[in-house]
Structure formats: C-alpha cells, structure tokens
Amino acid sequence: MRVWPGEPYPLGARWDGTGTNFTLFTEHAEAVELCLFDRDGQEQRIDMVDQTAFTWHCYLPGVGAGQRYGYRVHGPYEPSAGHRFNPNKVLIDPYAHAIDGGVDWDKSVFGYPLGGDDLEFDARDSAQAMPKSIVANPYFDWREDRHPRTPQNETIIYETHVKGLTMLHPDVDPELRGTYAGLASPPVIEYLLDLGITAVELQPVHHFAHDHFLVEKGLRNYWGYNSIGFLAPHDEYAAFGADGRQVYEFKSMVRELHAAGLEVILDVVYNHTAEGNHLGPTLSFRGIDNLSYYRTMDDDPRYYMDYTGTGNSLNVRNPQVLQLIMDSLRYWILEMRVDGFRFDLASALARELHDVDRLSSFFDIIQQDPVISQAKLIAEPWDVGEGGYQVGNFPVAWTEWNGKYRDTMRDFWRGESAVIGETATRLSGSSDLYAHNGRRPYASINFITAHDGFTLRDLVSYNEKHNEGNFDGGESGEDHNQSWNHGVEGPTDDPEVNALRVRQQRNFLATLFLSQGVPMLLGGDEFGRTQHGNNNAFCQDNELTWYSWDWTPEQRALHAFTRSVIELRREHPVFRRQQFFRGYESGGITDLDWLQPDGTSMADEDWEQLRVQALMFFLNGDAIPTRDERGRPITDESFLVMLNASESDVTFTIPADRYGKRWRVVLDTSLPRAENVGAWWPEAGDEREVASRSLVLIRRVDNGNTA
C-alpha cells in the first residue's frame with residue numbers, strides 16, 4: 001500500500017474522494033501505528049512516521065469511505081508517572097466521525113491484568129474486542145435546510161430519548177423504531193408539532209459504551225452518558241446499518257425536523273469518558289496519551305481528578321483537549337446542523353485549577369467562536385466536586401437548567417414551601433439569579449422533572465425511590481426527591497388519591513408553562529408516563545423507560561390539558577417576556593402585581609411569611625417593554641393567576657377595577673379537562689372558591705373580546 005506523508009490538519013480521518021488523510025494527536029507517544037481492518041477483522045498495520053507539532057499523520061491513496069480503522073500507540077507504560085501506553089490495545093480515533101460496534105468486555109480491553117494491579121502491563125491483543133472507527137462519507141444533500149432559529153423566549157423544549165420515544169410507537173414502521181429515522185418519521189413529527197413544542201433535546205447521541213459492570217448484570221447504559229466518540233453519532237440508533245451510514249441517517253433526521261420547524265439540541269458529555277478511573281479499560285484517550293487527555297492528581301498521576309462521579313475528568317486545561325471539544329461542537333453545528341447543546345455537568349468543564357472559574361478558557365473560547373457562540377448553549381450548572389453548584393453563575397451567552405426553580409415548585413405544590421418570596425421569584429423568571437450580568441428571563445430553563453429523577457407521574461405517586469431493578473441493592477439514585485405520594489406509595493385503586501395525583505400533574509404543567517423563562521418538558525410527562533418509582537433508570541433499556549402509547553382515558557385527558565396550556569403560552573407573549581419585570585406601568589397599572597387572596601397587594605412584611613400557600617398575581621399585557629422584529633410594540637391581554645397549594649379551598653376576591661372590570665376563566669386545574677372551564681365571567685369584587693391544590697387562570701375581557 002502506498003503511504004504518503006499527508007497533512008497534520010484537520011484531525012481525524014478525512015476522505016477527499018480519492019484517498020483518506022489520517023491524523024492523531026499524542027504528545028508523549030514514541031510511535032504510532034494506523035491499523036486498517038477488513039470486514040472479517042483482518043488487520044493491516046501501517047507505521048505513521050510523519051509528525052508535526054505532536055500530530056502524527058499520513059495519507060492513503062485509494063482508501064475511502066467505509067474503511068474500518070484504529071490505532072496502536074507505543075510509549076512508556078508507567079502509571080505512577082501518568083503514562084499508560086500499550087500497543088497491544090487497538091484504540092478508537094477521538095476524531096472518528098463514525099464508530100461501528102460496542103466493546104466486547106473481555107480481559108484484553110484492559111491495559112493491565114484485570115483483577116490484578118494496574119501497575120502491571122497486559123500483553124493481550126484487544127483487536128477483536130474493540131469497536132472500529134470508520135472513514136465517513138462527508139457528502140450529503142441538505143436541500144433547502146435552514147436552522148429554525150426559534151427566539152429564546154419562544155422556545156419550548158422537549159427532553160427525550162432517541163430510542164425510548166419511538167420503540168413502542170404503533171404508527172412508526174417497526175424497522176424504524178428506536179432509531180434516528182424513527183424519530184424523524186411523520187407520525188412522530190406530527191405528534192411533536194401537535195403538542196406545540198419547538199425543540200427536541202436528545203439525550204446523548206455521541207457514541208458511547210455500555211459499562212462493564214452493567215453488562216455483567218445483564219443491563220445496558222440506556223441514557224448514554226458514557227461517551228467515547230465526541231464526533232460520532234451512536235451506531236445503535238441507526239436503522240440502516242452502522243458502517244458509516246449512521247452519519248447519513250442522523251443528518252436526514254435533522255433535515256426532516258428542521259423542515260417541520262423543530263430545532264435539535266444535543267445533550268453532550270465532555271466532562272468525562274467511558275474509560276473510567278485508573279482501573280478502567282483502555283479504549284481510546286487513555287492509550288493515546290493519558291497524561292494529556294485526563295486530569296490526573298498533581299501529587300500522584302496514577303490516579304484521576306474526578307469532578308463527575310464517574311472516575312475521570314477531561315483535562316480541559318490542555319489546549320489540544322480544549323480544541324477537541326471545540327472541534328466537536330463546530331462539527332455538530334456545521335456538518336450535522338444541530339441547533340444547540342445542553343452541557344452535562346458543565347461546572348466540571350470550567351475547572352482550571354480547583355475552583356469553578358466562570359471566566360475559564362472554556363467559556364472564553366466559546367464566547368469568541370463565531371459559530372458556537374451563536375448556538376443555543378444550556379448548562380447543567382453543577383458537578384459533584386466541591387463548589388460545583390453554580391446555578392446563576394454562568395456567562396451572559398448561556399442559559400441554565402434552573403435547579404432552584406425545580407425545587408421551589410416541587411415544594412410549593414406539595415405544601416412544603418418556605419418563604420413565599422422564593423416562589424414568586426421563580427415564577428417571574430428568577431431575576432435574582434440572572435439579571436445581575438445582563439441576562440434575560442430566558443436564561444432560566446425551567447423544569448419540574450428531567451431524565452434524572454422521577455417522571456412527573458412518579459413525582460406525585462412515590463415518596464421513596466424504587467430502583468431494585470438496577471441490581472445495586474436499591475442504592476443508586478437521589479434520596480431527596482421532594483416528592484409526595486398523596487397517601488399511598490405507588491399504584492392504588494383509591495379514586496380520591498388518583499384524582500388528586502392527576503390534579504397535581506396539571507398543577508405542575510400549568511405552572512411550568514405560565515412561568516417566565518424557557519419551559520422544558522420531560523418527554524412522556526404530557527401523558528403521565530411512569531417508571532414505577534425508578535428515579536435512576538439509566539440502565540433500563542426496556543419497557544420501563546420506553547414510552548407506552550397505549551393510553552388510558554386519564555392519560556388522554558392529561559395530554560389534551562398539556563397541549564392546551566402549551567398553546568396558551570404560545571399565543572400570549574405576556575407569559576414569555578424578553579425582559580424582567582421592572583415595575584413598568586401602563587395606564588397606571590404595573591407590569592406585575594402580587595396579591596393576597598383577598599385581592600389586596602402584598603405588603604413588604606407579607607413576603608417574609610413562612611408556608612404561605614395561596615397567592616395571586618396580575619400580568620399586565622399592556623406593559624410589555626419590548627418590540628417585535630419589525631419594531632412594533634408588543635401588547636397582549638392581561639391575566640390573573642390564582643394559586644392554591646393548601647389542603648383546603650380558598651376564597652379569592654377579584655381585585656379592584658383598576659386591574660379590569662370583567663374576566664373570563666380560561667384554565668382551572670381542578671377540572672379534569674381543559675375545555676371544561678365553563679363560562680364563569682367574574683367581575684371586579686366577585687369572589688371565587690379556588691379548590692384545594694389547584695390553579696385558576698382568568699383573562700381580562702374589558703376590551704369586548706369574549707372569545
């Protein structure tokens with residue numbers, strides 16, 4: 001085979017139509033072998049002799065798309081010095097655009113004798129047990145594809161799983177279920193559009209490995225937070241073969257979602273990899289250059305800094321590792337056309353020395369990048385290290401999962417709220433967290449539930465986690481869930497308990513979509529999906545986590561309710577303001593007023609009361625201080641929201657005439673269906689009994705609009 005010197009950039013394997021350029025960064029290696037594999041697993045090794053600035057490179061004429069390959073990297077095996085080179089291990093290319101297969105967990109994939117001391121060297125060859133990198137075909141017809149570019153304040157996120165969403169869907173072709181193609185099929189797209197969401201946030205699709213300890217138990221890593229290929233779409237989600245065609249299928253999915261006006265946000269895991277701690281396997285980074293890619297302990301580089309609870313943390317202080325992350329993000333935007341990212345344990349990426357530094361290199365380079373800075377950037381603003389909880393502290397271009405919103409709303413509706421001011425602040429956009437550095441209400445990604453934890457139905461059905469199916473003694477998962485089973489743990493035939501549970505689900509959904517900020521709905525919560533109390537179903541790749549589309553009448557009603565409250569939000573800009581409330585007045589009325597149930601305004605001392613469980617607030621649609629895309633003032637109708645989280649009915653009084661003379665009820669969570677609100681037309685001074693644990697929304701109709 002002819003071997004040309006090739007070029008040191010771009011990194012990875014790039015086919016140009018006549019041949020492929022291969023490059024690999026490793027600073028401390030002594031030699032690198034490129035390994036080509038045919039479909040039968042036969043291997044051909046090629047010495048890479050050319051090196052430029054720690055990048056080893058060669059060009060192979062005639063080698064094209066579909067070629068399987070890997071690397072063997074030579075160097076010292078000195079774990080005590082941070083070096084774990086072992087040329088007996090075939091390694092995945094960190095820049096592979098496609099990866100085929102999973103890890104066959106035998107002893108050969110470990111750099112040391114499994115069960116022994118990691119200081120010892122293992123000579124077994126791992127070629128037959130390892131996934132193979134694939135030279136991908138970069139050519140794709142995007143047709144007229146465009147990013148939807150939904151404004152932040154109009155965004156409604158649906159967090160979901162590629163496989164789980166479609167695996168049991170009766171209207172999806174059986175051959176497409178659980179795949180990228182299945183997610184992009186007409187029944188699924190029509191469902192998402194009808195629901196009213198604007199963006200799908202996909203749990204990890206970077207190629208990942210199923211953990212050794214899970215495979216030994218007969219389980220799998222369903223969630224996928226175990227990345228090993230940051231530029232490769234996971235091959236198990238490909239319907240049409242995984243020999244590189246997963247790249248084409250992923251692009252096709254994005255194209256179809258974009259054509260429907262839906263954005264694609266990826267949950268990305270750059271904080272750690274699937275290689276785990278010092279006793280983990282040698283799959284890629286560890287064998288290519290352990291000391292460059294991972295944060296090792298300063299006083300003993302045999303061990304890793306672990307800010308993630310998974311065994312290792314990527315060494316973002318190394319410029320080459322930082323480049324890998326930036327190259328990956330740009331690739332997914334430019335080549336795969338995604339619209340944004342949710343960064344798992346984002347605080348871990350900000351750590352340069354020890355403390356979280358919000359002005360770290362990672363944030364600086366993203367801010368300066370003309371491509372990445374324009375995508376939707378969502379932080380999970382915490383990690384497991386000291387000082388890792390950083391809600392509200394990310395830079396101005398970022399939005400954040402607002403964990404304080406989640407916790408406050410859960411406590412309020414289960415009757416455990418503290419100072420009522422906390423609830424009001426979260427409902428109005430969390431200005432205390434985001435206004436100080438110029439961010440807007442949409443910096444707050446509001447959520448009640450997410451993939452990690454109870455589903456919404458389980459949140460109102462269980463006091464305790466029930467994770468026995470994880471085969472870990474029920475130890476995994478969060479113990480502090482802020483949930484309430486309403487008197488019975490798990491399923492019950494008690495009609496009163498079931499009715500209250502469904503009402504509480506409506507309360508949470510209505511609160512989520514009527515709050516300022518960006519709502520994120522966990523997929524399946526719109527129809528009451530359950531995981532039977534498992535709040536850490538990361539290893540449950542089965543019907544426990546797959547969405548069931550065989551709905552009961554109760555589930556159909558909840559879906560209809562969710563759809564209606566999303567529609568309400570999308571129709572009324574007063575619920576999705578671009579600016580925080582500032583006391584701006586229109587017609588002598590402020591943009592927001594907080595009221596007691598008797599209709600009087602909250603006084604300063606009222607905000608310090610504990611366990612206030614009933615309040616009301618007024619949203620002035622004439623006092624929105626922003627303009628539309630053509631410079632016209634934005635106006636809307638005005639609303640009163642009544643919240644009663646107490647165990648008793650509460651009498652609310654419609655406030656004085658200055659807020660409005662006549663109102664119409666448009667939403668009442670005490671009623672089983674959204675369309676059953678009736679035609680009660682209250683006037684100023686009227687009283688209304690708001691049922692226990694319910695929310696009522698009324699709209700001002702002084703202007704003669706009776707629709």
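All values below were derived from every heavy atom in this structure, side-chain atoms included, with hydrogens, water molecules and symmetry-related copies excluded.
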So, the side chain of [X] versus the backbone of [Y]: is there a donor-acceptor pair under 3.5 Å, distance only?
X	Y	answer
Asp369	Ser373	no
Gln367	Ile365	no
Glu249	Phe240	yes

Just by distance, no angles: are the side chains of [X] and [Y] close enough, under 3.5 Å, to form a donor-acceptor pair?
X	Y	value
Tyr71	Ser133	no
Tyr225	Asp267	yes
Tyr59	Asp16	yes
Trp546	Asp541	yes
Gln540	Asn542	yes
Glu263	His147	no
Asn271	Asp344	yes
His258	Asp339	yes
Gln531	Asn534	no
Tyr95	Asp327	yes
His57	Thr52	yes

What do the steps show when you test Tyr69 against Phe22 for ring-ring contact (aromatic ring centres under 6.0 Å, His included), and what is the final call? CA-CA 10 Å; Tyr69 72 99; Phe22 294 89; 5.2 Å; yes

Measure up the [X] and [Y] rings against each other and bin them: parallel (under 30°), tilted (30 to 60°), perpendicular (over 60°).
X	Y	result
Trp401	Phe447	tilted
Phe285	Phe230	tilted
His28	His83	tilted
Trp398	Phe343	tilted

Could Lys89 and Asp122 be called an ion pair, given the rule that one side-chain N must be under 4.0 Å from one carboxylate O?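 Salt bridge present between Lys89 and Asp122.
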
With the threshold set at 4.0 Å, does a side-chain nitrogen-carboxylate oxygen contact exist between Glu236 and Arg220? yes

Beyond-backbone contact of Asn312 with Asn277, side-chain heavy atoms, under 4.5 angstrom: no

Flag side-chain contact, heavy atom, 4.5 Å: Glu478 against Lys465: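 No, their side chains stay 4.5 Å or more apart.
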
Is the distance between the ring centroids of [X] and [Y] under 6.0 Å?
X	Y	result
Phe363	Phe394	yes
Tyr237	His207	no
Trp332	Phe341	no
His272	Tyr307	no
His212	Phe110	yes
Phe85	His74	no

Please step through side-chain contact (heavy atoms from CB on, under 4.5 Å) for the pair Ser292 and Phe54, ending with a clear verdict. CA-CA 11 Å; Ser292 291; Phe54 302 126; over 6 Å; no

Which atom of Gly287 lies closest to which atom of Glu275, heavy atoms considered: N-OE2, 4.4 Å

Ring-face cation contact, Trp142 with Arg255, 6.0 Å cut, 45° max: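 Judged by the rule, Arg255 and Trp142 form no cation-pi pair.
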
Does Phe37 have Lys132 sitting over its ring (NZ/CZ under 6.0 Å from centre, angle to axis within 45°)?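 The answer is yes, since Lys132 meets both limits relative to Phe37.
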
Determine whether Asp93 and Arg68 satisfy the following criterion, salt bridge (charged side-chain N to carboxylate O under 4.0 Å, His left out), listing intermediate values before the conclusion. CA-CA 11 Å; Asp93 180 3; Arg68 288 167 164 77; over 6 Å; no

Let me see the working for Tyr331 and His97 under ring-ring contact (aromatic ring centres under 6.0 Å, His included), right down to the final yes or no. CA-CA 9 Å; Tyr331 174 78; His97 291 170; 4.3 Å; yes

With salt bridge (charged side-chain N to carboxylate O under 4.0 Å, His left out) as the criterion, how do Arg84 and Asp118 come out once you've worked through the C-alpha distance, each side chain's angles and the decisive distance to 0.1 Å? CA-CA 9 Å; Arg84 294 179 179 268; Asp118 68 296; 2.8 Å; yes

